[in-house]
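What follows is a set of notes on a single structure, which appears directly below.
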Number of protein chains: 2
Amino acid sequence: MTRNAKQRKTRDDLLSAAGTLLREVGYGGLSTRKVAETAGVPLSQIHYHFGSMQGLLLALLEVENDRLLDRQTAMYESDRPLSEKWVMACRYLHDDLESGYVRVLHEMMYAALSDVEIRHRIQQQLDGWKDLLTSVAQQAIDRYGPIGPFTAGELGILVGQSFLGLETLLLLDAVKASEDGYNAICKIGGLIAEMERRAGDG
Amino acid sequence: MTRNAKQRKTRDDLLSAAGTLLREVGYGGLSTRKVAETAGVPLSQIHYHFGSMQGLLLALLEVENDRLLDRQTAMYESDRPLSEKWVMACRYLHDDLESGYVRVLHEMMYAALSDVEIRHRIQQQLDGWKDLLTSVAQQAIDRYGPIGPFTAGELGILVGQSFLGLETLLLLDAVKASEDGYNAICKIGGLIAEMERRAGDG
DNA sequence: TTCATTTTCGGTCGGTCGACCGAATTAAAT
DNA sequence: ATTTAATTCGGTCGACCGACCGAAAATGAA
């Protein structure tokens, strides 16, 4: 293994360990020592590679969010009907919840409440999600005409914040609420399918 | 001041101080000493009145949530048209955000991710919100007929999780997103008004 | 007043935290 | 082979944490 490869491995191990711990013990339960121990690397490597605990978390945030946003973007760029894309998005939600990614991202959002640098990053990434969902909504409006009184931006965000809120419910294991929440979101896919059928291109 | 009154004052001061600090420095920035200092009472009073830091937080959670849920319940029980109630709900959201209550409740939700006792409380309270919103949705369905393919429970949660997600965006100062989010939520009130007009009882 | 109970108080305990340091090790350059 | 720089490592620093203690004060009953 070359020097650079080894260096990168240590870096990745630290990022991976931070993600694992974030899922297991949450943001408040994180510590440099636990991360280093979980990664199986010396404590000092955290400061060497990321400068500080915050630096590590910022890097982790970027890695995790890019992963999700890229996948979602690719999915929406495929040329399936929108209703199928919606079903895929619902399935992604389910998968990401099981894998722990949702937990990681939400932990970072809470970290953002008390850390301006993390907040700025989160804001940029939320902008990315808004742009994606808005463009999807715009395509739907272009094809099927206006949807209620909403602009594409409003529609995109309405969808986004519904998913966001549902994620919160699911993370909290609010069973009574989250079941209906997931069903409601899924049924919206049915509404989209109906819209496609009326336009004759389902 | 009687003995009980003084005792209650100390208790309330601690709860109020915990809320203040939760708004200012977040859950992670809390400490028994800061709370005691902010409240202007000795450190040991926290353990005397609440047994532990967690006990204090559970009490705070109850106080803050009851306040909001009671107000919202009373508002929905008034006999204004639903569209007006919706506008009120949007105004409450705005007020609660400015006052910091939203921040406190969301900080507690974050804490709930890593603390089972807090999580159980949060779950109970989310159930309370679901019940309220579901009954409102049920009334609307009774009066105006089915709304899309949604049950009352699904509709209530759909609304609830949209507000929840919007709160997250607003807390994070995700300006680009939250403006459209707030507008979209408000416009739903317009849709409700239209529904009322069609039924001839707006 | 005397006494028992509740409440308040300052102080301290063991423990964990993030940050940092200087020595040791490794890899590349000459 | 020797030098130089990059990287790894164990260990330690001061700061802060929640929990707890025993003494002291306040309170109400006798």
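In what follows, chains are A, B, ... by sequence order, proteins preceding strands, each numbered from 1.
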Give the rounded distance in Å between these two atoms: [atom1] of [X] and [atom2] of [N].
X: B/Phe50; N: C/dT8; atom1: CZ; atom2: C1'; answer: 15 Å
X: B/Leu14; N: D/dG18; atom1: CG; atom2: P; answer: 13 Å
X: B/Gln54; N: D/dA19; atom1: CD; atom2: C1'; answer: 14 Å
X: B/Ile46; N: C/dC9; atom1: CD1; atom2: P; answer: 13 Å
X: B/Asp13; N: C/dT8; atom1: CG; atom2: P; answer: 11 Å
X: A/Arg8; N: D/dT8; atom1: CZ; atom2: P; answer: 13 Å
X: B/Tyr48; N: C/dT5; atom1: OH; atom2: P; answer: 14 Å
X: A/Lys9; N: C/dT26; atom1: NZ; atom2: C1'; answer: 17 Å

Is the Lys NZ or Arg CZ of A/Arg67 less than 6.0 Å from the centre of A/Tyr101's six-membered ring, within 45° of the axis? no
Within the structure, does a side-chain N or O atom of [X] lie under 4.0 Å from either OP1 or OP2 of [N]?
X: B/His47; N: D/dA19; result: yes
X: B/His49; N: C/dT8; result: yes
X: A/Ser44; N: D/dT8; result: no

Please assess B/Val136 against B/Trp86 for the test side chain to side chain contact (heavy atoms under 4.5 Å, CB included), listing each intermediate value before the final yes or no. CA-CA 11 Å; B/Val136 173; B/Trp86 186 272; over 6 Å; no
Classify B/Leu30 by what it touches in the nucleic acid, base, sugar-phosphate, or nothing, heavy-atom distance under 4.0 Å. sugar-phosphate
Please list, for nucleotides 12-15 of chain D, all pairs of protein and nucleotide N/O atoms separated by less than 3.5 Å.
none

Is there a donor and acceptor pair, one atom on the side chain of B/Ser31 and one on the base of D/dC17, closer than 3.5 Å? no
With the side chain counted from C-beta on, respond yes when A/Ile147 and A/Leu155 share a heavy-atom pair under 4.5 Å apart, and no when they do not.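 The answer is yes, as the side chains (C-beta and beyond) meet within the 4.5 Å cut-off.
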Between B/Tyr92 and B/Leu68, is there a side-chain heavy-atom distance shorter than 4.5 Å?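 No - every pair of side-chain heavy atoms lies 4.5 Å or more apart.
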Do you know which of B/Leu169, B/Leu172, B/Asp173, B/Thr168 makes side-chain contact (heavy atoms from CB on, under 4.5 Å) with B/Ser178?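 Only one of B/Leu169, B/Leu172, B/Asp173, B/Thr168 forms a side-chain contact (heavy atoms from CB on, under 4.5 Å) with B/Ser178, namely B/Leu169.
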Ring centres under 6.0 Å, that's the criterion: do A/Trp129 and A/Tyr76 meet it? no
In terms of ring plane angle, is the pair B/His106 and A/Tyr110 parallel, tilted or perpendicular, where the classes change at 30° and 60°?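 Ring orientation, 0 to 90° scale: tilted.
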Nearest to side-chain heavy atoms of A/Pro42, which nucleotide of D/dG10, D/dA19, C/dC9: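 Of the candidates, D/dG10 comes closest.
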